[in-house]
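Source: prediction; values computed, not measured.
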Amino acid sequence: QVQLVESGGGLVQPGGSLRLSCAASGSISSIYTMGWYRQAPGKQRDLVARITTGDSTGYADSVKGRFTISRDNANNTVYLQMNSLKPEDTALYYCRFASNTNIYWGQGTQVTVSL
């Protein structure tokens, strides 16, 4: 079993920045992918960014150049640095841990970009 604890969400003005963190604990496998997804009211849950154990990354087109995903394997933690935030980035952000056998989701952390 893997537990995910997210932090770093909050209210920020357009153009501002936030850094999300997700710490994984429990039965961590040697090889896993972690990612960030977001879901706005009335919308589906979409991939924001992902990162593999080998540090291969991928981003949604809407956040390229603004968001950066990284991981600290020693501490089983993934980060999402979000810069130049826009109102359309407002959503509940979820951390996801995926091994070859299981997928785990965090509880979500709210990001609100507004004046």
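Each side chain to side chain donor-acceptor pair (under 3.5 Å) pair with one or both residues in residues 25-34, not counting sequence neighbours, appears once here: Tyr32-Arg71, Tyr32-Asn76. Note on residues 27-39: pairs passing salt bridge (charged side-chain N to carboxylate O under 4.0 Å, His left out), not counting sequence neighbours, are Arg38-Asp89. The disulfide (SG to SG under 2.5 Å) pairs that include a residue from residues 5-95 are Cys22-Cys95, where partners are two or more places apart or lie in different chains. Within the structure, salt bridge (charged side-chain N to carboxylate O under 4.0 Å, His left out) contacts touching residues 10-28 (residues at least two apart or in different chains) do not occur.
Under the 4.5 Å side-chain criterion, counting only non-hydrogen atoms from C-beta, Phe97 is in contact with Ile28. By the 4.5 Å heavy-atom criterion applied to side chains, Phe67 and Gln81 are not counted as neighbours. Under the 4.5 Å side-chain criterion, counting only non-hydrogen atoms from C-beta, Val78 is in contact with Ile51. Between Ile69 and Tyr79 the shortest side-chain heavy-atom distance does not fall below 4.5 Å. A 4.5 Å side-chain heavy-atom check between Leu20 and Thr109 finds at least one atom pair inside the cut-off. When side chains are defined from C-beta on, Arg50 does not count as touching Thr57, because their heavy atoms never get closer than 4.5 Å.
Remark: Tyr37 engages Trp105 in a ring pair (Phe, Tyr, Trp, His ring centres under 6.0 Å) (not counting sequence neighbours). Partners of Tyr93 under the ring pair (Phe, Tyr, Trp, His ring centres under 6.0 Å) rule, at least two apart in sequence or in another chain, do not exist in this structure. The side-chain hydrogen bond (donor to acceptor under 3.5 Å, both in side chains) check on Lys64 picks up Asp61, with sequence neighbours excluded. With sequence neighbours left out, the side-chain hydrogen bond (donor to acceptor under 3.5 Å, both in side chains) criterion links Ser7 to no other residue. Annotation: side-chain contact (heavy atoms from CB on, under 4.5 Å) contacts of Ala23 (sequence neighbours excluded): Thr77. In this view, Gln1 and Gln3, Tyr104 satisfy the side-chain contact (heavy atoms from CB on, under 4.5 Å) rule, not counting sequence neighbours.
Nearest heavy-atom pair, Asn83 versus Ser17, reported as atom, atom and distance to 0.1 Å: OD1-OG, 2.9 Å. The nearest pair of heavy atoms linking Ala24 to Leu4 is CB-CD2, 3.5 Å. Closest approach of Leu80 to Ala49, counting heavy atoms only: CD1-CB, 4.2 Å. When all heavy atoms of Thr68 and Tyr59 are compared, the closest pair comes out as CA-OH, 3.4 Å. Among all heavy-atom pairs drawn from Arg66 and Leu85, the shortest one is NH1-CA, 3.9 Å. Val113 and Thr90 make their closest contact through N-OG1, 2.9 Å (heavy atoms, listed as atom of the first residue, atom of the second, distance).
Under the 3.5 Å distance criterion, the side-chain polar atoms of Glu6 are matched with a main-chain donor or acceptor of Gly108.
Side-chain heavy-atom separations under 4.5 angstrom define the hydrophobic clusters, and Val5 shares its cluster with no other residue. Cluster partners of Leu11 are absent, since no Ile, Leu, Val, Met, Phe, Trp or Tyr has side-chain heavy atoms less than 4.5 Å from it.
When hydrophobic clusters are built by joining Ile, Leu, Val, Met, Phe, Trp and Tyr residues whose side-chain heavy atoms come closer than 4.5 Å, directly or via intermediates, Leu92 is not grouped with Met34.
Side-chain contact annotation: Thr112 with Ser114, donor-acceptor N/O pair under 3.5 Å absent. A donor and an acceptor atom, one from each side chain of Gln39 and Gln44, are nowhere located under 3.5 Å apart.
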*Could you walk me through whether Arg96 and Trp36 pass the side-chain contact (heavy atoms from CB on, under 4.5 Å) test, one step at a time?*
CA-CA 6 Å; Arg96 192 183 81 147; Trp36 289 96; over 6 Å; no
